[in-house]
> 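A single structure is presented below for examination.
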Number of protein chains: 2
Amino acid sequence: MNTAPADPAVAEEPRWLTDEEQRVWRAYLHATILLDDHLDRQLQRDAGMPHIYYGLLVALAEAPGRRLRMTDLAKHAKITRSRLSHAVARLEKNGWVRREDCPSDKRGQFAVLTDEGHQVLAQTAPGHVATVRQAFFDRLTPEQQKSLGEILQIIAEGLQPKEAGADLPWLR
Amino acid sequence: MNTAPADPAVAEEPRWLTDEEQRVWRAYLHATILLDDHLDRQLQRDAGMPHIYYGLLVALAEAPGRRLRMTDLAKHAKITRSRLSHAVARLEKNGWVRREDCPSDKRGQFAVLTDEGHQVLAQTAPGHVATVRQAFFDRLTPEQQKSLGEILQIIAEGLQPKEAGADLPWLR
DNA sequence: GGCTCATCATTGAAGGTTAAACAAAAGCGG
DNA sequence: CCGCTTTTGTTTAACCTTCAATGATGAGCC
């Protein structure tokens, strides 16, 4: 009905997804929403915070001095500074993170993982890893894992907010 | 520091992710948050609604009579009925969806796509497909697409809210 | 110094999501 | 028909995210 090839006039009719592409796309949408919800529920239940907040604590725990500039943490977690600001405010209220002024740049703030925050992480990390394994890794062959990693990296690289290639694409 | 193998006493120490698994997992987290944000922003800008709401309209457009019971629509979109209730309320306020009583079940409600809603879909679908292509399909080989589809389907199936197998050729 | 522009981080308001509680109707077993 | 449980969909309040606006500092330039 509408797959006619030529019509260079005005509207540039779109290339709709093929049946096969639709299957892939829906699998993507379904898998990601189910997995995200699953992890959010697990962490909300066992750690009292959403998945993304947990990721912030992990990033801080791995950073030298267990601290990161707000902008760096936001880039690391792929979220806006605004969102991070709200998130850190909440984590600060929990006592898991504290803010510190940056001495070399008076605009700057460090988010610092507190001992209490580190402890929460230590207590909840095993359960979280188990959940990730059970929902994700345990269901895939090593080949599938490798393939998936490559594919997702391509997708992610295509969406980095410009400035990619500035520093190393991989962690470390 | 703590990867000693044996300690069958109490704590069942967790199997942490290997370096390779960590790379895959972070690629997953990064790709999905970047892509979700990307699509949300595109649709918010061009259609005035978040991605998930757009998906609801698509589901209704494809359903017979352009209508679906609330519970069916929620299952289709993989969201809770509560979330759907809020979403439909908003879409109704936009005039893109209306509710109708179900004659055979007085508790039931249909969400029905209005003509106006259908028109919004027709106007914004081309741009959305183009965005999906550009961010997703255009970057992957056919083999990668196939592989990804299979993998994601496995993940999704593992997380379906039970009730799978309901229609297996079982004794009734 | 003084000017301009970019960057850092936060804020407030509007909107979206979650979890628990609820009412109404349906199903089910006696 | 009667009680009991389940299903359906909504509601409320708390929480989270987004967007635009803001203040404050830094950087470059003359």
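So you know, we letter chains A, B, ... as the sequences are listed, proteins then strands, and number each from 1.
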> Measuring from the side chain of R83(A) (C-beta onward, heavy atoms only), which nucleotide among dT17(D), dT10(D), dA9(C) has the closest atom?
dT17(D)

> Using only side-chain N and O atoms of R99(A), determine if any of them is under 4.0 Å from OP1 or OP2 of dA9(C).
no

> Side-chain contact, heavy-atom cut-off 4.5 Å: T114(A) with Q119(A)?
no

> When you get a sec, tell me which of dG16(C), dG9(D), dT10(C) is the closest nucleotide to the side chain of P50(B)?
dG16(C)

> Which nucleotide in the set dT25(D), dT10(C), dT17(C) lies at the smallest distance from any side-chain heavy atom of I52(B)?
dT17(C)

> Round to a whole Å and report the spacing from CZ of R81(A) to P of dG23(D).
17 Å

> Is it the case that one hydrophobic cluster holds both I52(B) and V88(B), taking links as side-chain heavy atoms less than 4.5 Å apart, direct or via other members?
yes

> Using whole Å, what does the distance between atom P of nucleotide dT18(C) and atom CG of D40(A) come to?
7 Å

> Do T141(B) and K146(B) have side chains that approach each other closer than 4.5 Å (heavy atoms only, starting at C-beta)?
no

> Over how many whole Å does the gap from D36(B) atom CG to dT17(C) atom C1' extend?
15 Å

> Report the nucleotide, chosen from dA25(C), dT17(D), dT11(D), that has the shortest atom-to-atom distance to any side-chain atom of K106(B).
dA25(C)

> Quickly work out the E92(B) CD to dG9(D) P distance and round it to whole Å.
14 Å

> Measure the spacing between CG of L152(A) and CG of L34(B) and express it to the nearest 0.5 Å.
11.0 Å

> Tell me, do Q42(B) and H51(B) make a side-chain contact under 4.5 Å, heavy atoms counted?
no

> Grab the CD-C1' distance between Q109(B) and dA25(C) for me, whole Å please.
13 Å

> Look at the side chain of H86(A) and the base of dG12(C), then say whether one donor and one acceptor between them are separated by less than 3.5 Å.
yes

> Give me the ring orientation class for W25(B) and F136(A): parallel if the planes are under 30° apart, tilted from 30 to 60°, perpendicular past 60°.
perpendicular

> Choosing from dT25(D), dA26(C), dT10(D), which nucleotide comes nearest the side chain of S82(B)?
dT10(D)

> Between D105(B) (CG) and dT10(D) (P), how many Å, whole number?
13 Å

> Taking for each residue the nucleotide of DNA chain D with the nearest heavy atom, is it G108(B) or A87(A) whose nucleotide lies nearer the 5' end?
G108(B)

> Rounded to whole Å, how long is the line connecting atom CD of Q44(B) with atom P of dT17(D)?
16 Å

> Which part of the nucleic acid, if any, lies within contact of S85(B), taking any heavy atom under 4.0 Å across all strands shown: a base, the sugar-phosphate backbone alone, or nothing?
base

> Taking the side chain of Y53(B) as heavy atoms from C-beta outward, which of dT17(C), dG26(D), dA9(C) is closest to it?
dT17(C)

> Could you check whether the side chain of R107(A) and the base of dT7(C) have a donor-acceptor pair of N or O atoms closer than 3.5 Å, going by distance alone?
yes

> Let me spell it out: for each of G48(A) and D72(B), pick the nucleotide of DNA chain D with the closest heavy atom. Which residue's pick is nearer the 5' end?
D72(B)

> From the list dG16(C), dT10(C), dT8(D), which nucleotide is the closest neighbour of the side chain of R90(B)?
dG16(C)

> Rounded to whole Å, please give me the gap between CG in L43(B) and P in dT17(D).
20 Å

